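This report concerns only the one structure given below.
Ligands are counted one by one from 1 in listed order, and the atoms in each one are counted from 1 as well. Since this is a predicted model, take the numbers as computed values, not measurements.
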Amino acid sequence: MKTRICQAKDGIAEAVSLLEAGEPVALPTETVYGLAADALSPIACAKIFEAKGRPLCDPLIVHLPGNDWLERIAIPTPLAVALADAFWPGPLTLVLHRTALVPDLVTDGRDTVAVRQSAHPVFQEIVTAFGRPLAAPSANRFGRISPTTAHHVIAELEGRIPLIVDAGPCPHGIESTIVEVLEDRLRILRQGPVTADDLRAFAPLDDTPSGVSAPGGMKSHYAPHTRLLIEENPRPASDRHGLLAWSGNGKGFSHVERLSANGDLREAAANLYGAMRRLDAAGLELITAEPVPESGIGEAIMDRLRKASAR
Ligand code: TXA
Ligand code: MG
């Protein structure tokens with residue numbers, strides 16, 4: 001299969017007709033590029049798993065065209081509605097009880113479904129024109145780094161999908177926050193752009209481990225091929241030693257990628273995956289990542305670095 005990249009202004013109609021034909025299409029969201037397909041069609045969703053090499057036990061996020069779809073897909077509690085009102089469209093995914101409309105393949109047969117509404121204008125235009133929810137995991141091969149540009153999607157899925165709609169780099173650059181909505185508490189399953197402090201304003205957080213398993217929550221995920229270690233004040237150890245820099249000057253390292261020139265954690269999140277990909281492509285023996293402050297979105301960055309370093 002030949003994979004084409006279309007600029008957003010030319011690609012929207014074609015993306016919609018491919019989705020209508022039950023094909024998966026890579027689309028930009030405000031977090032990372034997603035591989036989208038008709039969430040209500042098991043056959044279309046099966047093509048997502050196939051293209052990604054993703055195990056069927058890893059359920060998909062359902063992206064809603066609008067709030068009116070929430071009750072058709074999930075059983076929203078008052079707390080869920082308050083969160084949706086506050087953060088949608090945006091980078092927050094809610095895990096809620098599901099309705100019978102959702103195919104078992106999407107949820108791996110669970111009684112819950114993960115739902116969100118993307119704030120990306122191109123994604124919104126496509127899902128609105130399509131008129132039904134889109135299942136969309138990150139558009140990478142299973143276990144690999146999420147794509148934040150159309151070029152990254154090519155590197156992951158060329159020859160496996162028909163179309164990538166290119167709208168430039170994703171603004172957040174890191175996947176949505178996933179929250180399990182419990183009766184009167186919230187449990188964060190994946191850290192992301194909506195932070196723990198943002199969520200605490202709505203309900204207390206439950207720190208006990210979740211009974212549900214989420215492969216994106218597995219210890220080793222988001223992994224570059226090159227070994228990655230996290231270290232404070234690292235020193236170059238060989239002539240093929242790369243640095244993912246936060247505060248150090250990078251002197252003596254053979255390849256340096258700086259997350260942010262002025263210590264901005266949002267900018268660091270947006271740069272993280274592209275920097276990891278460039279380091280991974282540089283033929284290095286080892287990548288060392290300097291830790292970033294664990295506040296705000298820094299928690300999500302450290303979560304991804306720890307997963308990238310777990311082998
Ligand atoms: O920002 C994002 O969330 C991106 C964009 C494309 O929306 N999507 C994304 O999807 O990161 P994915 O599939 O790469 O990660 C979603 C995670 C997976 O780890 C999956 O296991 C978990 O969400 N998940 C999905 N449904 C779930 C459920 N019912 N209960 C618990 N975890 C669930
Ligand atoms: Mg993913």
Side-chain angles (χ1 to χ4, degrees), residues 24-37 39 45 48-49 51-64 73-75 87-99 102-120 122-124 126-127 133-148 152-153 156-157 164-165 167 170-182 187-194 209-223 269-270 273 297 300 303-304 307-308:
V25 179
L27 302 180
T29 83
E30 75 278 43
T31 55
V32 299
Y33 275 76
L35 183 60
C45 291
I48 293 178
F49 288 95
K52 282 182 57 100
R54 177 173 174 125
L56 294 175
C57 62
D58 192 355
L60 305 176
I61 296 176
V62 176
H63 298 67
L64 308 177
I73 295 295
I75 300 166
F87 295 104
W88 284 0
L92 179 67
T93 297
L94 303 176
V95 173
L96 303 172
H97 283 279
R98 67 150 167 154
T99 65
V102 186
D104 277 337
L105 186 68
V106 169
T107 68
D108 176 38
R110 298 159 199 242
D111 55 9
T112 59
V113 61
V115 284
R116 86 173 185 102
Q117 242 183 73
S118 171
H120 198 291
V122 172
F123 191 97
Q124 283 190 344
I126 291 169
V127 75
L134 291 172
S138 50
N140 49 276
R141 297 288 202 100
F142 180 68
R144 294 269 301 138
I145 303 167
S146 292
T148 58
H152 295 164
V153 181
E156 295 286 329
L157 298 175
I164 302 168
V165 178
C170 300
H172 288 294
I174 205 162
E175 303 86 350
S176 64
T177 305
I178 304 181
V179 157
E180 202 183 340
V181 182
L182 308 170
R187 183 185 280 129
I188 297 178
L189 298 182
R190 181 174 73 185
Q191 310 267 7
V194 173
S210 171
V212 306
S213 71
M218 283 185 324
K219 229 175 135 205
S220 164
H221 211 79
Y222 311 101
Y273 289 150
I297 199 167
D303 167 66
R304 303 309 190 274
K307 283 173 182 152

T177 and Q191: side chain donor to acceptor below 3.5 Å: no

Nearest 0.5 Å, what's the OG1-CD1 distance between T107 and I61? 13.5 Å

Does even one non-hydrogen atom of E180 get within less than 4.0 Å of ligand 1? no

Residue pair R116 / T29, side-chain donor-acceptor N/O under 3.5 Å: yes

Heavy-atom contacts with A114 under 4.0 Å: which atoms of ligand 1 show up? List them by number with element. 25 (C), 26 (N), 27 (C), 29 (N)

Decide whether an N or O pair under 3.5 Å exists between D58 and ligand 1. yes

T93 versus ligand 1: do any nitrogen or oxygen atoms come within less than 3.5 Å of each other? no

Using a cut-off of strictly less than 2.8 Å, determine whether S138 has an N/O/S atom near the Mg ion (ligand 2). yes

For atom 29 (N) of ligand 1, state which one of N140, T112, D108 supplies the nearest heavy atom. T112

In this structure, does ligand 1 have an atom that sits under 4.0 Å from one of the heavy atoms of H63? yes

For ligand 1, is there an atom lying under 4.0 Å from some heavy atom of R98? no

Taking only non-hydrogen atoms of V95, do any sit less than 4.0 angstrom from ligand 1? yes

